Amino acid sequence: MEVAPDLLGCLLTTVAPDGAVTLRLTETEAYCGMDDPASHAYRGPSPRNQVMFGPAGHLYVYFTYGMHYCANAVCGPDGEAGGVLLRAAEVVDNEELARARRPKIRRASGLARGPACLTMTAGIGRDDLGADLCAPESHIRLRPRQHDVTIAAGPRVGVSRAADVPWRFWVDGNPTVSAYKRSPRADLEVERGHI
DNA sequence: GTTGCGATTGGCT
DNA sequence: GCCAATCGCAACC
């Protein structure tokens with residue numbers, strides 16, 4: 001959890017056959033392993049989530065809604081399943097390639113606005129599951145931020161459980177941060193809780 | 001073996 | 001603002 005705000009402003013460079021794109025992270029969301037009902041790791045290790053239980057600094061990629069990929073930076077000690085969902089970013093290098101990958105997006109701020117948009121623009125897919133984010137020779141690298149950022153925090157997006165914990169972090173005022181939409185299921189959970 | 005639904009997006013009303 | 005698209009996981013029967 002503590003890592004999620006620290007990732008804001010960090011640079012994510014992905015190298016693919018068609019070129020390299022560098023993103024600056026503007027929105028992240030923490031998922032805290034087996035204590036977190038909203039985490040994929042909540043019910044223990046499985047073939048799908050095993051990367052989350054491995055050492056920190058690797059990439060956990062999952063496929064959702066039959067069409068989208070989302071990416072997490074694994075954090076926390078080996079054996080504990082901590083992850084930070086990369087929700088949004090701004091393109092800082094090779095906007096031309098980023099636009100080529102997302103031809104229907106007009107505004108630069110929309111290229112990596114949302115977790116699945118981010119993976120599309122970065123060229124991240126299933127093959128990148130488990131990639132080492134820290135190794136210098138890795139095709140996906142995460143580098144520390146070079147400038148301070150103003151951080152805001154709030155409830156997580158799109159999760160049906162534990163949506164009330166303020167584990168979503170973003171760069172305050174940044175246009176690439178998606179507008180907050182509360183999960184309809186989260187509302188159901190809240191209503192249930194009050195009845 | 002079957003079923004329900006998801007850490008979503010983009011297009012249409 | 002609402003809804004379809006589309007498939008893998010995991011909870012059930």
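These numbers come from a predicted model, not from an experiment. In what follows, chains are A, B, ... by sequence order, proteins preceding strands, each numbered from 1. Every heavy atom of this structure was used, including side-chain atoms; hydrogens, water molecules and symmetry mates were not.
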Open item on the list: Is there, by distance only and without an angle test, a donor paired with an acceptor across the side chain of A:Tyr65 and the base of C:dA5 below 3.5 Å?
Closed with: no
Spacing of the C1' atoms in B:dA7 and C:dG1 (rounded, Å): 22 Å
Next on the checklist: When the P atoms of B:dT2 and C:dT6 are compared, how many Å lie between them, rounded to an integer?
Outcome noted: 23 Å
Original post:
Contact class for A:Ala38 vs. all strands (heavy atom < 4.0 Å): base, sugar-phosphate, or nothing?
Top reply: base
Contact under 4.0 Å: [X] side-chain N or O vs [N] OP1/OP2:
X	N	result
A:His68	B:dT9	no
A:Ser160	B:dC5	no
A:Arg43	C:dC9	no
A:Lys104	B:dT9	no

Single-linkage hydrophobic cluster, 4.5 Å side-chain cutoff, [X] and [Y] together:
X	Y	result
A:Val91	A:Leu97	yes
A:Val177	A:Ile151	no
A:Val3	A:Leu12	yes

Testing B:dG10, C:dA10, B:dT9 for proximity to the side chain of A:Arg102, the answer is B:dG10
Quick note, A:Tyr31 side chain, CB onward, closest among B:dA7, B:dG10, B:dG6 is B:dA7
### Query
Does any non-hydrogen side-chain atom of A:Val21 lie less than 4.5 Å from one of A:Arg101?
yes
Set out, in order, the CA-CA distance, both residues' side-chain angles and the distance that settles side chain to side chain contact (heavy atoms under 4.5 Å, CB included) for A:Arg156 and A:Tyr31, then state yes or no.
CA-CA 10 Å; A:Arg156 296 186 287 192; A:Tyr31 288 88; 3.4 Å; yes
Separation of [X] atom [atom1] from [N] atom [atom2], in whole Å?
X	N	atom1	atom2	answer
A:Tyr69	B:dT9	OH	P	15 Å
A:Tyr62	C:dT6	OH	P	20 Å
A:Leu59	B:dA7	CG	P	17 Å
A:Tyr42	C:dA10	OH	P	15 Å
A:Arg113	B:dT8	CZ	P	14 Å
A:Arg106	B:dG10	CZ	P	14 Å
A:Leu86	B:dT8	CG	P	13 Å
A:Phe63	B:dA7	CZ	P	14 Å

Please verify the inter-ring angle class for A:Phe63 with A:Tyr69; under 30° counts as parallel, over 60° as perpendicular, anything in between as tilted. tilted
Between A:Arg126 and A:Met67, the residue closer to the 5' end of DNA chain C by nearest nucleotide is A:Met67
Scanning all shown strands, the Watson-Crick or wobble mate of C:dT6 with both distances under 3.5 Å is none
Mate of B:dG1 across any strand shown (Watson-Crick or G-U wobble, both atom pairs under 3.5 Å) is C:dC12
